[in-house]
Amino acid sequence: MANKYKTLFSPIKIGNMELKNRIVLAPMSVHMSAAQSGCGFINERELAMFERRAEGGAGLITVGSCLIKRDGDFGYQIYIDNDDKIPGLKQLVQVVHKHGAKISAQIHHAGRSTNPRITGYPTVSASEIPATPEFPIPRALSTCEVGDYVEYYAQGVRRAKEAGFDAVELHGAHGYLIAQFMSPLT
């Protein structure tokens with residue numbers, strides 16, 4: 001069996017990061033954080049879940065939808081919005097590294113796809129076009145505010161680096177905030 005999948009189980013380099021194999025856990029939101037531990041802090045259930053994935057042999061694990069600002073939450077995400085999250089994120093990195101896997105953080109803000117009933121904040125976006133008719137009309141960010149959000153993303157990346165993540169991914173898919181600025185629809 002190992003010979004049949006020799007390439008899959010062989011190391012590979014992405015830039016200067018070497019993975020022990022080509023098995024990657026794609027980013028997904030697990031929606032466990034706020035419900036268990038308060039506003040986006042890592043909790044024991046998440047640590048155990050990610051450790052099991054690392055034990056299972058993944059070469060790279062991407063932690064999905066690490067939130068840069070509370071107004072971009074779509075429900076119980078891991079936050080990377082403040083330095084007080086760094087100790088929990090470090091603990092997450094350590095449990096993954098313990099099993100020889102690398103870990104990346106997907107830096108995220110949902111923009112118009114948030115729900116003010118969850119966040120307690122009005123939705124923001126590139127324009128005043130709602131995600132669906134059921135969603136509220138978002139407030140279009142001013143040019144000055146866009147600069148603030150760029151900084152929120154940059155600070156999220158800094159926190160990921162301080163916590164020891166091996167890589168970061170900017171979440172620009174699924175119609176979330178970055179995609180809202182790239183789409184001709186919004």
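Position 1 is the first residue of the sequence, and the numbers go up from there.
If you chain together hydrophobic residues whose side chains sit under 4.5 Å apart, Met182 and Ile129 never meet in one group. Cluster membership for Phe165 and Leu19, using ILVMFWY side-chain heavy atoms within less than 4.5 angstrom, is not shared. Under the 4.5 Å side-chain contact rule for hydrophobic residues, Val95 and Val24 do not share a cluster. No continuous path of ILVMFWY side-chain contacts below 4.5 Å connects Val124 to Phe74, so the two sit in separate hydrophobic clusters. Residue Tyr152 is grouped with residue Ile80 when hydrophobic side chains (ILVMFWY) are merged at heavy-atom distances under 4.5 angstrom, including chains of intermediate members.
With hydrogens and angles left out, the side-chain atoms of Tyr121 and Asp73 include no donor and acceptor closer than 3.5 Å. Thr62 and Ser104 are linked by a side-chain donor-acceptor pair at a separation below 3.5 angstrom, with hydrogens and angles left out of the test.
If you take OG on Ser125 and CG on Leu141, they are separated by 7.0 Å, rounding to the nearest 0.5 Å. Here the CD1-CD distance, from Ile68 to Glu151, works out to 10.5 Å after rounding to the nearest 0.5 Å. Taking CD1 of Ile107 as the start and CD of Gln155 as the end, the distance is 11.0 Å to the nearest 0.5 Å. Rounding to the nearest 0.5 Å places CG of Leu92 at 9.5 Å from NE2 of His97. Here CG of Asn115 is found 11.5 Å from CD of Glu134. Values are rounded to the nearest 0.5 Å. Going from atom NE2 of His174 over to atom OG of Ser113 covers 10.5 Å, rounded to the nearest 0.5 Å.
At distances below 3.5 Å, at least one donor-acceptor pair connects side-chain atoms of Asp166 with backbone N or O atoms of Ile103. Arg22 places a side-chain N or O within donor-acceptor distance of the main-chain N or O of Thr7, the cut-off being under 3.5 Å. No donor-acceptor pair closer than 3.5 Å links the side chain of Glu18 to the backbone N or O of Lys13. Looking at Gln180, its side chain does come within 3.5 Å of a backbone N or O of Ala110 through a donor-acceptor pair. Side-chain atoms of Ser127 come within 3.5 Å of backbone N or O of Thr186 as a donor-acceptor pair.
Within the 4.5 Å cutoff, side-chain heavy atoms of Ile23 are placed close to those of Phe9. No side-chain heavy atom of Ile42 sits less than 4.5 Å from a side-chain heavy atom of Gln91. Put simply, the side chain of Lys102 reaches to within 4.5 Å of the side chain of Met17, judged on heavy atoms.
Just one residue in the list Leu67, Leu89, Asn43 forms a side-chain contact (heavy atoms from CB on, under 4.5 Å) with Ile78, and that residue is Leu89.
Taking each heavy atom of Ala179 and Ala173 in turn, the nearest pair found is CB-O, 4.3 Å. Of all heavy-atom pairs between Arg112 and Pro138, the closest is CB-CG, 3.9 Å. When every heavy atom of Pro130 is checked against every heavy atom of Pro136, the shortest pair comes out as CB-O, 3.5 Å. Looking at every heavy atom in both residues, Glu162 comes nearest to Lys90 through O-CE, 3.3 Å.
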*asked:* Between Tyr149 and Asp71, does the side-chain hydrogen bond (donor to acceptor under 3.5 Å, both in side chains) criterion hold? Intermediate values first, please.
replied: CA-CA 11 Å; Tyr149 279 76; Asp71 65 354; 2.4 Å; yes

*Evaluation steps, side-chain contact (heavy atoms from CB on, under 4.5 Å), between Val168 and Arg158*: CA-CA 10 Å; Val168 296; Arg158 176 189 59 81; over 6 Å; no

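Around atom CD1 of Ile137, no more than 12 heavy atoms belonging to other residues, nucleotides or ligands sit under 6.0 Å away.
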Do any side-chain atoms of residues 50-60 form donor-acceptor pairs under 3.5 angstrom with protein atoms, and if so which ones, sequence neighbours left out?
unit_1 : atom_1 : unit_2 : atom_2 : d
Glu51  : OE2    : Lys98  : NZ     : 2.8
Glu51  : OE2    : His99  : NE2    : 2.8
Arg53  : NH1    : Met49  : O      : 3.2

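Between His108 and His171, the angle of the ring planes lies from 30° to 60°, which puts this pair in the tilted group.
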